[in-house]
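Worksheet: one structure, shown below.
Just so it is clear: chains get the letters A, B, ... in the order the sequence lines come, proteins before strands, and each one is counted from 1. Just so it is clear, the model here is predicted, and its values are computed rather than measured.
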2 protein chains.
Amino acid sequence: MLLRNQVEWALHCCAVMVGMPAERFLATKVLAEFHEVPKEYLSKALQSLSQAGIIEGTLGPNGGYRLAKAPSEITFLDVVEAVEGRTSSFACTEIRRNNPCRPTRMRDPKPCAVARVMWEADAAWRKTLRGVRLSDLAKTLESDIPAELAAKNTEWLLARS
Amino acid sequence: MLLRNQVEWALHCCAVMVGMPAERFLATKVLAEFHEVPKEYLSKALQSLSQAGIIEGTLGPNGGYRLAKAPSEITFLDVVEAVEGRTSSFACTEIRRNNPCRPTRMRDPKPCAVARVMWEADAAWRKTLRGVRLSDLAKTLESDIPAELAAKNTEWLLARS
DNA sequence: CGGTTACGGATACTTCGTATCCTTAAACCA
DNA sequence: TGGTTTAAGGATACGAAGTATCCGTAACCG
Ligand code: SF4
Ligand code: SF4
């Protein structure tokens, strides 16, 4: 069970956008070159984010994407679910219905104990992701990344928009 | 991102074994017929559980598998990790190293902020699974499943061992 | 108008989960 | 002792899903 690498790309792109001056758009091409990932494929991830209302895009020269909301209004879960989907990691096939002893017309009042536990774990995973916002990430990166490098990154990105 | 359905099978097989009288072995063939899943493929999942020390197998007629430990000593996480693996759901490709502005010889003191959050969420998922034991599951099933059906299941399974 | 960009559909490639088959070795039984 | 049953594990085929690329369209800009 592995998350798509688009999740990583999407999160990094968001991290980059948080550091950009408001109203400025970043083109897919620039983001792809910055991370050295295939432009066309990264585009799909950004489209997912756009569709989810996390970022917004504009066309034409100087076009691209920017955050559609305040960084404090965007959680990790928003980003992850936009590209990975909202379905639980545990899929229930209802194999208990195959039980040969079970009366054919028996009704299942509720999801079985196994599924409930697995879904609870999935909820805990999502709760953790929902608890971290892009604004939190920005603050962490501020102390993680040397100010000099951060400035150089912003400059590099803006020069190509 | 989806767990293999072997996880579901493994958990259900464990649930069944908890209800069996101690020392009795259940053959792969019987477990497969009970759940209506392919015997040869289910066998792989059971082998994983066996290798993880969760169940133990014996050969020959009346052979099969049984729990290797007390139900209170086996957690959901043990079962899930045995078949699904212990690697985190978030794989870090270290794409921050591709940053063209980054000094080539720069050392990364620690995993970046993005990865730390994702791994924290993964830890929360595992923590939830570690908190539920097979003995807990047995207790829940006891109130979920009519006693009559439970008895019939046990009888059906024992008759074929 | 021509160039740039997001957008979305279609398509190929690659990886991984699913499933089956076969052989070996151990345990049991007649 | 020899034949049967079963777990164990390697090899292989198949299918689904993730990865990646290509192309046409529509919007934006100078
Ligand atoms: S986990 Fe429970 S609800 Fe899901 S298929 Fe198995 S028995 Fe049914
Ligand atoms: S998540 Fe962080 S550590 Fe992992 S690849 Fe991205 S930048 Fe590197």
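- In this structure, A:Glu8 contributes its side chain and B:Thr93 its backbone to a donor-acceptor pair below 3.5 Å.
- Mapping A:Asn62 and A:Gln6 onto DNA chain D by nearest heavy atom places A:Gln6 closer to the 5' end of the strand.
- With rounding to whole Å, B:Leu31 atom CG is found 12 Å from D:dT6 atom P.
- Comparing C:dC22, D:dT21, C:dA19 against the side chain of A:Pro38 picks out D:dT21 as the nearest.
- Under the side-chain contact (heavy atoms from CB on, under 4.5 Å) test applied with A:Leu157, the options A:Glu33, A:Met20, A:Arg24, A:Lys152 reduce to a single match, A:Met20.
- Rounded to whole angstrom, the span from the CD atom of B:Glu84 across to the P atom of C:dG17 amounts to 7 Å.
- B:Thr58 has no side-chain polar atom (N or O) that falls below the 4.0 Å cut-off from OP1 or OP2 of C:dA27.
- Comment: A:Arg133 does not engage A:Glu73 in a salt bridge, judged by the lack of any side-chain N to carboxylate O separation of less than 4.0 angstrom.
- Contact between the side-chain N/O atoms of A:Gln47 and the OP1/OP2 oxygens of C:dG8 is found at a separation under 4.0 Å.
- Looking at A:Asp78, its side chain does come within 3.5 Å of a backbone N or O of A:Thr75 through a donor-acceptor pair.
- If you find the closest nucleotide of DNA chain C to B:Pro61 and to A:Leu46, the one lying nearer the 5' end belongs to A:Leu46.
- Between B:Arg24 atom CZ and D:dT6 atom C1' there is a gap of 15 Å when expressed in whole angstrom units.
- One interatomic measurement links the two molecules: CG of A:Leu26 to C1' of C:dA6, which rounds to 14 Å at whole-angstrom precision.
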Do any N or O atoms of the protein come closer than 3.5 Å to N or O atoms of nucleotides 11-16 of chain C, and which pairs are they?
none

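- Atom CZ of B:Phe25 and atom P of D:dT5 are 19 Å apart (whole Å).
- Under a 3.5 Å cut-off, the side chain of A:Arg160 and the backbone N or O of A:Trp156 do form a donor-acceptor pair.
- Comment: B:Asp144 engages A:Arg116 in a salt bridge, judged by a side-chain N to carboxylate O separation of less than 4.0 angstrom.
- Of the candidate nucleotides C:dT5, C:dA27, D:dC22, C:dA27 has the atom lying nearest to any side-chain atom of B:Leu59.
- Residues B:Lys39 and A:Gly60 each lie close to DNA chain D; by heavy-atom proximity, the contact nearer the 5' end of the strand is made by B:Lys39.
- Counting only distance, with no hydrogens or angles, the side chain of B:Glu84 and the backbone of B:Arg4 share a donor-acceptor pair below 3.5 Å.
- Atom CH2 in A:Trp9 sits roughly 11 Å away from atom C1' in D:dG18 (whole-Å rounding).
- In this model, the phosphate group of C:dG17 is not approached by any side-chain N or O of B:Asn5 to a distance below 4.0 Å at OP1 or OP2.
- Put simply, the side chain of A:Lys44 and the base of C:dG9 share a donor and an acceptor less than 3.5 Å apart.
- Between the side chain of A:Arg66 and the main chain of A:Glu23, a donor-acceptor pair closer than 3.5 Å is present.
- The nearest whole Å value for the distance from the CD atom in B:Gln51 to the C1' atom in D:dG10 is 13 Å.
- In this structure, the OH atom of B:Tyr41 is 12 Å from the C1' atom of D:dG15, given to the nearest Å.
- Residue contacts for B:Ser43: at a heavy-atom cut-off of 4.0 Å it reaches no nucleic acid atom on any strand shown.
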